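A short worksheet on the structure shown next.
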Protein chains: 2
Amino acid sequence: MGKYDLLKLENQLCFPLYASAKEIVRKYKPFLDDLDLTYTQYITMMVLWEEKEMNVKTLGEWLYLDSGTLTPVLKKLESKGYITRKRQKKDERNLCVSITEKGEQLKEQAIEVPLKMGACINLNAEESKSLYELLYKMLRAL
Amino acid sequence: MGKYDLLKLENQLCFPLYASAKEIVRKYKPFLDDLDLTYTQYITMMVLWEEKEMNVKTLGEWLYLDSGTLTPVLKKLESKGYITRKRQKKDERNLCVSITEKGEQLKEQAIEVPLKMGACINLNAEESKSLYELLYKMLRAL
DNA sequence: CTTTCACTTATTGTACACAATTAAATTTAC
DNA sequence: GTAAATTTAATTGTGTACAATAAGTGAAAG
């Protein structure tokens, strides 16, 4: 192992992580275009399909995103009619994001997305599970 | 497995990939700040430390990036004096990117970065190898 | 009370990331 | 030989992503 070998792209762990995350999000695009959602909007809706409502801070913790990213995403989803944004009465610092009826309906269409994506990933069940666990182990420590 | 279970964030493979890529790039930031490089600039320099020169298209293939991303990154690196950009004589469509002496010197400082990052990743050698191979297997198919 | 402190969201500025388009140069087909 | 097709970068427009800052609110200390 030469002095500079660790600086080669091929010896980096971060690079395939960075590149495959990008490529897989790109793979989502045609499926998400059908729903008129971007990937960031999609994962935001995922949380709200499950939880119905949540304040911005908690949403950011779920998604590993800060308010600088979420604010424009949430405004966009609001303008599409999928969510509402409302200050909480008892503590006006909190902004509560809630899913609308129209947002709920989108869920029916969205069911297709994970199925279609599954077919794009070249890993078997065991490999997927292994990858999933390694990623979460790393993520928890970051 | 309910009808909607695949739409839960916790059942997604893409989400931990997306989130951990983001978090690991963020982890690089303080180390890269010392070199006055962003992550994208850093991986670009990595290719040039190894190859010395390359045209934009090939660079994009190595990095999985298109010219819309690379053009401003390369102009920034040029303004910092780490690279030069020059049209090829025999085919003026090609823009050839070359590392400068100052860019070469930066490599000495950069050696520290992978060492420092290695300490941030909570995986042992075997797990890292396994993650690396799964990511590349997926990436090749995307 | 009131002033300080902590908390939460929004805004601003910088830097990607990519689709779509444009522009310029070269290659090819005829 | 020239028109059409292809190749390569750059540009434009939209949408993240995050650090730093600002603004507003509520809680706590005195």
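In what follows, chains carry the letters A, B, and so on, assigned in the order in which the sequence lines appear, proteins first and then strands, with residues in each chain numbered from 1. Note that the structure is predicted; figures quoted are calculated from it, not measured.
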Let me know the distance between [atom1] of [X] and [atom2] of [N], rounded to the nearest Å.
| X | N | atom1 | atom2 | value |
| --- | --- | --- | --- | --- |
| A/Arg87 | C/dC7 | CZ | P | 17 Å |
| B/Tyr42 | C/dC16 | OH | C1' | 18 Å |
| A/Tyr28 | C/dA19 | OH | P | 17 Å |
| B/Leu74 | C/dA15 | CG | C1' | 14 Å |
| A/Leu59 | C/dA10 | CG | P | 11 Å |
| A/Lys86 | C/dT8 | NZ | C1' | 19 Å |
| B/Tyr18 | C/dA17 | OH | C1' | 12 Å |
| A/Lys27 | C/dA19 | NZ | C1' | 16 Å |

Residue closer to the 5' end of DNA chain C, A/Gly68 versus B/Gly68 (nearest nucleotide) =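 Result: A/Gly68.
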Considering every strand and a 4.0 Å limit on heavy-atom distances, what is the contact class for [X]: base, sugar-phosphate, or nothing?
| X | answer |
| --- | --- |
| B/Leu65 | sugar-phosphate |
| B/Asp66 | base |
| B/Val73 | sugar-phosphate |

With no hydrogens and no angle check, is any side-chain donor or acceptor of [X] less than 3.5 Å from a backbone partner on [Y]?
| X | Y | result |
| --- | --- | --- |
| B/Arg87 | B/Arg93 | yes |
| B/Thr100 | B/Gly81 | yes |
| B/Lys22 | A/Tyr64 | yes |

Compare the minimum distances between each of [options] and the side chain of [X], then state the nucleotide with the smallest one.
| X | options | answer |
| --- | --- | --- |
| B/Lys76 | C/dA19, C/dA15, C/dT8 | C/dA15 |
| B/Thr40 | C/dA17, C/dC18, C/dT8 | C/dA17 |
| B/Thr69 | C/dA10, C/dT9, C/dC18 | C/dC18 |

Return the polar atom pairs (N/O with N/O) between nucleotides 22-24 of chain C and the protein under 3.5 Å, or none.
none

What is the bend of the helix from C/dC1-D/dG30 to C/dC30-D/dG1 when you compare the axis at one end with the axis at the other, using five pairs each and rounding to 10°?
->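 Angle reported: 10°, given to the nearest ten degrees.
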Between B/Thr58 and A/Gln41, who's closer to the 5' end of DNA chain D by nearest nucleotide?
->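 Counting from the 5' end, the first nearest nucleotide belongs to B/Thr58.
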Quick check: are there more than 12 heavy atoms from other residues, nucleotides or ligands sitting under 6.0 Å from [atom1] of [X]?
| X | atom1 | result |
| --- | --- | --- |
| B/Lys116 | NZ | yes |
| A/Lys107 | NZ | yes |
| A/Lys80 | NZ | yes |
| A/Lys52 | NZ | yes |

Strictly below 4.0 Å: does [X] bring a side-chain N or O up to OP1 or OP2 of [N]?
| X | N | result |
| --- | --- | --- |
| A/Asn94 | C/dT9 | yes |
| A/Arg85 | C/dA10 | yes |
| B/Lys22 | C/dA17 | no |

Would you please test A/Thr44 and A/Leu37 for side-chain contact (heavy atoms from CB on, under 4.5 Å) and show each step?
-> CA-CA 10 Å; A/Thr44 303; A/Leu37 292 178; over 6 Å; no
Nearest-0.5 Å distance that lies between atom CD1 in A/Ile83 and atom CG in A/Leu77 =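 A/Ile83 atom CD1 to A/Leu77 atom CG measures 5.0 Å (nearest 0.5 Å).
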A/Ser20 side, atom OG; B/Lys137 side, atom NZ - distance, nearest 0.5 Å |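 These two atoms lie 14.0 Å from each other.
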Check if the side chain of B/Thr38 and the base of C/dA15 share a donor-acceptor pair of N or O atoms closer than 3.5 Å.
->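 Per atom types, no contact qualifies.
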Side chain to side chain donor-acceptor pair (under 3.5 Å) partners of residues 2-16 of chain B, not counting sequence neighbours, each pair once =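 Matches after skipping sequence neighbours: A/Tyr28-B/Gln12, A/Glu108-B/Lys3, A/Glu108-B/Tyr4.
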Residue list, side chain to side chain donor-acceptor pair (under 3.5 Å) with A/Glu50, at least two apart or on another chain |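 None.
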Pairs touching residues 122-141 of chain B that satisfy ring-ring contact (aromatic ring centres under 6.0 Å, His included), sequence neighbours left out |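 Listed by first then second residue: B/Tyr132-B/Tyr136.
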So where does chain A start and stop touching DNA chain D, 5' to 3', when the test is distance under 4.0 Å to a non-hydrogen atom?
->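 Both ends considered, the range comes out as D/dG15 to D/dG26.
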